[in-house]
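Chain letters run A, B, ... following the sequence lines, proteins first and then strands; every chain starts at 1. As a basis for the values below, the full set of heavy atoms in this structure was taken, side chains included, without hydrogen atoms, waters or symmetry mates. What you are looking at is a predicted structure, and each value in this text was computed from that prediction instead of being measured.
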Amino acid sequence: MIGLKGQVLRAGLLASVLMVGSAFAASADTIKIGVFGPFTGDAAATGAAEREAVDLAIKEKNAAGGIRGNKIEAIYADDAGKPEEAVNVAKRLTARDNVVIMIGSISSPASLAASQVAAQSHTAQIVVSGTAQKITTMGNKWVFRSPVPDTKLAGDLAGFIHEKFPNVKKVAFLYVNDDFGRGGFEKFKEGGKKYGIEIVDEERYARGDIDFTAQLGRIKASPAQALVEWSRYAEGALVAKQFVQMNMTMPRFGCDGVAIPKYVELGGDAVNGVFYMTHYSSATAANIPAAQSFIAKFKKAYSKVPNAYHSEAYDAITMALLAIEKAGSEDRSKVRDALSKVSFESTRGPFKFDAKGDPTLVTHVVKIVNGKETNGRDIPVQK
Amino acid sequence: MQPAIRLLVLASLAVAPLIQTNTYWQHVFGVALIGAILALGLQLLVGMAGLLSLGQAAFYGIGAYISAALTMRFGVPFILAFLIAGVVTAITSLLLVPIVKLPSSSLAVATLGFNIIVYLILLNEDWATGGSFGLLDVPPPHIFGYELTTERDVYFLCLAVLVLVYLGLDRLVHSRFGRALRAISQDEDAARACGISIIRYKSKCFLVAAFTAGLAGSLYAHHARYLNPNDFTFNKSIEILIMVVVGGLGSLPGAVMGAIVIVLMPEFLRSSGELRLILFGFLVVVLMGVSRGGLAGLAPLLTQRMARLRSSASAKSAEPGEIKS
Amino acid sequence: MSADQLVQGLIGGLAIGCIYSLIALGITIIIRATEILHFAQGEIMMIGAMAGLSALWMVDLPFVLVLIVGMLGGGLAAVLIELSIYRTLRKLRVPLINVIIATLGVSIILQNVARLVWGSEPLRYPPLFRSRGVEIGGFAVSPQLIWIVVLGFAMMALLQLFFRYTRLGIAMQAAAQDPDAARLMGVSVKRTTTYTFVVAGVMAGAAGVLLGSLFFASFNMGFLIGIKAFVAATLGGLGSLSGAMLGGLAFGLIETFSGVLISTAYKDAVGMVVLIAILLLAPSGIFIRPGRRI
Amino acid sequence: MTALLRTKQLTCRFGGLIAVSNVDLSVEAGDVHGLIGPNGAGKTTFLNLVSGHIRQTSGTIHFNGQNLGSKSPHLRAAAGIRRTFQNLRLFREMTAIENVMVGLHANTRSDVFPSLLRTGAQRQEEKEIADRAREALDFVGLLPSANAIAGGLPYGHQRLLEIARALVAKPKLMLADEPAAGLNGAEARELVGLIQRIQASGVTVMLVEHHMEVVMRACNHITVLNYGRKLADGSPADIRDHSGVIEAYLGTKTVYARHCRRNPAEAQYAPH
């Protein structure tokens, strides 16, 4: 009790010093673009991909003289994949760093959380990999999306199964129990109805799970003729391994979460034969010139092949730069309006936004054959 | 006790958003104050009653979702939703009554289990919680016809709640109730011999802590205006525990300080980029070593050292060759 | 539940249970010796996995050597942390809870150091065993899982022998049970405490290599597994060696079968409900060991 | 005069070990009742059974005409049974006066809401608690140390503080478990005085003690336990002359008798 007086005093002083001393001014002669995503935490790998792609594009642009003579500067902010942090960093980017436009985040909840800040601060936001349909259907005109929404991916996948595997009518659906997996599940259920494809077994797992024996066991015991899976690559690779361990043989279909070379690397032989839906794959990019030059540039810079996250992020930054150029000023609403009308050759084909802010891209199917990505749409109809 | 100093602290917290007008910082300050409310509640559990709980984020989440659902679905006015969130959260803490008698390390793991269960309910029961997408567009707080839309308004709301919670807990700690809790934490058998029902008091302590966390959750819901189950995992519980221990076990001002430091420290460390979390980890470890009582115990330590240095320096100049510590 | 699910669940649950057991053993002996709840034990396991993998990258080692390197890595990491941090904290006589929070700090440090060193992407562990299932009695059985179970059990048996028959092991037991008496008998409690961390680290390192070979290695592989191992140790009654072992196996099986039988969405919740129920029925865990309570 | 405390066939087993076996005992109101016996005789277990910290295996305990059954310790405390512990069990990090204030817990009411609102009744009660605590401290002579941290008090003072904590609630029965342990001669004599004053204030005392001088001077009734059984029961004079007691205490008569003759001072202590 004796020390209480002092404690209260110190608490107050420390708090006020921390709070007051927290402003720092930002320099004004560059065009700032806010880039946020999970640079730490469980999804740090995807955040790193976003960063690599943005870095590459900005270096290029600056080497070419920037925009209106100004250099472009990316302000990176880590949301650790958490919605709470995403709100924080979005506020920081828009209020403290005065960015012209924001790119991010990777996960749908973090993107959704940040989109409120985008609307409040009148800053356009380009979501890099959040595929949840909801992001663009909330009536928020400030949010745009680089990837195609899960509705289209799942619907197209159902169509592909119907077209190439006409006998498959009963499927088991395995998904990661978060927005990403749940979105895929809901949309596939809807999309499948059109073709008479029924989900006879629904299995979930938690993000970061490593043991899928229980889920696969239930699927094996169910009447399903095929497995549709909405996983990210790390869990997806383990599912594949355990699928093989259990001597399961049904056809497997995945989503853009596994559209990453790491999936094949981690899964090894076990992923052979998997089909997955994606908006981008080096296997299907052969006739897209922008993709070819992107792959070449990327290989030169990082000596590896870009994955779907890279291409989505690269397209996002490309359209952001285009919009700033077209807007003719750094005014956020002008940039937003310019962005909504943007039209260019992206790494995933001709790019345009629809009224909601979603791209009008075509989707691709990849089949993994001997550890290589091949164009899945080329396969004959399976009897 | 020291009204002048309390006023000074209050004044400095009150002017902080007026001096720092950037809305981002005002937002973060608000988050820090909400963290302080959370830490105060946990301080009662851990610091006063010696109950190591790793499930405080569960109560925080329950309060947040209740408040958001009430205002969004049923149009309940904010003030009412805020209070109901606190009360209902407190009631849910009664679920823990059977486990309060567990020894400390088992209690820690059991409360962690409680947190995981609550998290999974928030995640899986879409009809009530919006599932993994969470709840969007939670309305800003309305008070007596005013809509608190700016960061600064919400900050002052949080500050007001913090002050009330602080004063309330301060009163509790210095009452028969608080003495009973501290007695339990120091010697359960002796406390029972003094007529204290261990289970009842531990349960009441959880009740009060949950009430506080529920209020903090409600504030968070209307401050961040977006709720997602991922913000209420046991990682959050651990973060709150770190706030309390860093601030100093058993000290209410310490809890406030710990929360502010833990929320703001990563913001300051952001410029150190990749090394940020490593530095954060080191700071936590070092702080645990330099001061028994966390931040609350740090300053008297420093003043002691300073005084000792000064006296030894003067002793040195007076009588060279004889230095006593 | 079909017979196939039963077999798969048993083998899968036992394999993951063995890994929990190895980590839980470390947690348990640390609690016995120091009363510290060691939240960084999962990260020590991760370091073990990374050490094994790095050795494998440098030279193509047979699996047994990878395992040994992993154990060394875990032990080394543990002893470094113990000497530099925990021992200092104990010397400063800070309250126990401070040390426990410091272990959380250590966990954050290790994770992020590992992220800088080994990157944020999951790393592929070369298949150390044949992974395609072989048919035994009409069931697909993975040789890899069988190996994990065999190695896990062997490791635990070795540990039991160590504690029962070696001088150091007996001294460590004695120091943990009654430090004052042990001191009188000429045991350096300070040293046995450090050895306790080494042994715990070695066990965790082994778990890391086994886990890595079954799944993959990544900087954040440790935390969740560490927490689950904690639950396993609690299940078995914190402080008991056989309790930790059986608790780990039990938790692995509970997890798997609650997924099979009840709901995969609430898989983790079922495990927690079982834990809480068991704690209520037997507050000191299923395998009660008379002795000091923590 | 009716007995304040009466046990019938009280038995307590730990596994195979019988700590207390079929003990019939009654404590008259107003007495200082000594409970002695060699180490392991079951004295402390007996106290724990009465205070409720341990449950009996069989038998009954009646207090103040009421069967205590399996009432928890805090209810027994509320009913008027208070105790001290063999190994000091103070709330070490609280001040002396706070320790004593906790002793009044069962006798006071105000809880969460009155404390939050700081109602008139609550403030009145807090004041009373503080006053009574000071009174109790004064009674044992610790008033000057009221604001000292309990764990930092000298050993003898900690013993007194524990007594004050038990006394503050004006219990009907105080169970004192070896209050003289670790005290020096002068302190032990003061303790006898204190016990007599406690008795005079109307509190019945049950005293477990090894310090024979204290027992013989303070008690007006003594029960001897050996191996959990009641061995003897009577006035101090009866006990002194009871052959069975001497045997139980001193084992082989001759050896210790000689020893005691040579060191009369030591004979007051029971062999450890």
Side-chain angles (χ1 to χ4, degrees), chain A residues 38-49 51 174-175 177 181-182 201-222 232-235 237-249 260-270 304 307, chain C residues 1-13 15-17 19 111-112 115 119-127 130-135 139-145 211 214-221 223-225 252 255-269:
Chain A
F39 301 134
T40 61
D42 293 343
T46 51
R51 204 172 169 150
L174 173 66
Y175 62 95
N177 195 3
R182 197 79 70 85
D201 187 28
E202 172 197 348
E203 300 296 341
R204 314 172 180 185
Y205 61 82
R207 187 97 198 261
D209 263 5
I210 48 179
D211 181 19
F212 307 93
T213 323
Q215 288 89 345
L216 290 172
R218 279 161 70 128
I219 291 168
K220 197 174 175 185
S222 79
R232 294 188 186 79
Y233 62 96
E235 288 99 339
L238 292 179
V239 169
K241 275 189 179 176
Q242 290 167 28
F243 181 91
V244 171
Q245 268 171 14
M246 294 176 75
N247 286 8
M248 291 167 74
T249 50
I260 287 187
K262 202 81 193 171
Y263 174 63
V264 179
E265 184 197 321
L266 291 174
D269 292 346
K304 61 181 176 185
N307 63 39
Chain C
M1 188 170 58
S2 68
D4 183 59
Q5 275 174 288
L6 180 70
V7 172
Q8 299 298 342
L10 272 178
I11 299 173
I16 190 85
I19 290 165
Q111 261 194 48
N112 288 283
R115 190 166 57 86
S120 47
E121 302 234 23
L123 302 169
R124 180 174 121 91
Y125 242 79
R130 226 159 69 84
S131 62
R132 185 166 289 273
V134 289
E135 293 275 333
F139 300 110
V141 176
S142 154
Q144 196 174 11
L145 293 177
L211 190 73
L214 196 52
F215 306 112
F216 49 73
S218 74
F219 75 100
N220 59 355
M221 70 195 282
F223 192 70
L224 203 60
I225 301 274
E255 248 196 352
T256 308
F257 281 103
S258 60
V260 174
L261 295 173
I262 302 169
S263 146
T264 44
Y266 280 104
K267 194 174 98 167
D268 288 345

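Separation of atoms OG (S263(C)) and CD (E202(A)) is listed at 9.0 Å; rounding is to 0.5 Å. Once rounded to the nearest 0.5 Å, the distance linking OG1 of T264(C) with CD of E203(A) reads 4.0 Å. Distance check, rounded to the nearest 0.5 Å: CD of Q242(A) to CD of Q144(C) gives 9.5 Å. Taking CG from L238(A) and CZ from F215(C), the interatomic distance works out to 6.5 Å, rounded to the nearest 0.5 Å. Once rounded to the nearest 0.5 Å, the distance linking CD1 of I11(C) with CD of Q245(A) reads 10.0 Å. Distance check, rounded to the nearest 0.5 Å: CD of Q8(C) to CG of N247(A) gives 8.0 Å.
The most heavy-atom pairs under 4.5 Å with chain C, out of A234(A), A43(A), A221(A), come from A234(A). Of the listed residues (G119(C), G259(C), S218(C)), the greatest number of heavy-atom pairs within a distance under 4.5 Å of chain A belongs to G259(C). Between chain C and the residues A237(A), A49(A), A214(A), the largest count of heavy-atom pairs under 4.5 Å involves A214(A). Interface check for chain C: of the options Q215(A), K220(A), R218(A), the most heavy-atom pairs under 4.5 Å are formed by R218(A).
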**Request:** Output, in order, the C-alpha distance, side-chain angles, deciding distance and verdict of side chain to side chain contact (heavy atoms under 4.5 Å, CB included) for T213(A) and L145(C).
**Result:** CA-CA 11 Å; T213(A) 323; L145(C) 293 177; 6.0 Å; no
**Prompt:** When you look at I16(C) and I210(A), which way does the side chain to side chain contact (heavy atoms under 4.5 Å, CB included) test go after all the steps?
**Reply:** CA-CA 9 Å; I16(C) 190 85; I210(A) 48 179; 3.9 Å; yes
**Prompt:** Given K262(A) and L123(C), is the side chain to side chain contact (heavy atoms under 4.5 Å, CB included) satisfied, shown in steps?
**Reply:** CA-CA 9 Å; K262(A) 202 81 193 171; L123(C) 302 169; 4.2 Å; yes
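Only the side chain of F219(C) comes within contact range of chain A, with heavy atoms under 4.5 Å apart. In this structure, the portion of Y233(A) lying under 4.5 Å from any heavy atom of chain C is its side chain and not its backbone. Proximity to chain C involves both the backbone and the side chain of D211(A), based on heavy atoms less than 4.5 angstrom apart. Within the 4.5 angstrom heavy-atom criterion, no atom of L10(C) approaches chain A.
A206(A) meets the side-chain contact (heavy atoms from CB on, under 4.5 Å) test with D209(A), D268(C); sequence neighbours excluded. Looking at residues two or more places apart in sequence or on another chain, you find a side-chain contact (heavy atoms from CB on, under 4.5 Å) between R124(C) and E265(A), L266(A), P127(C).
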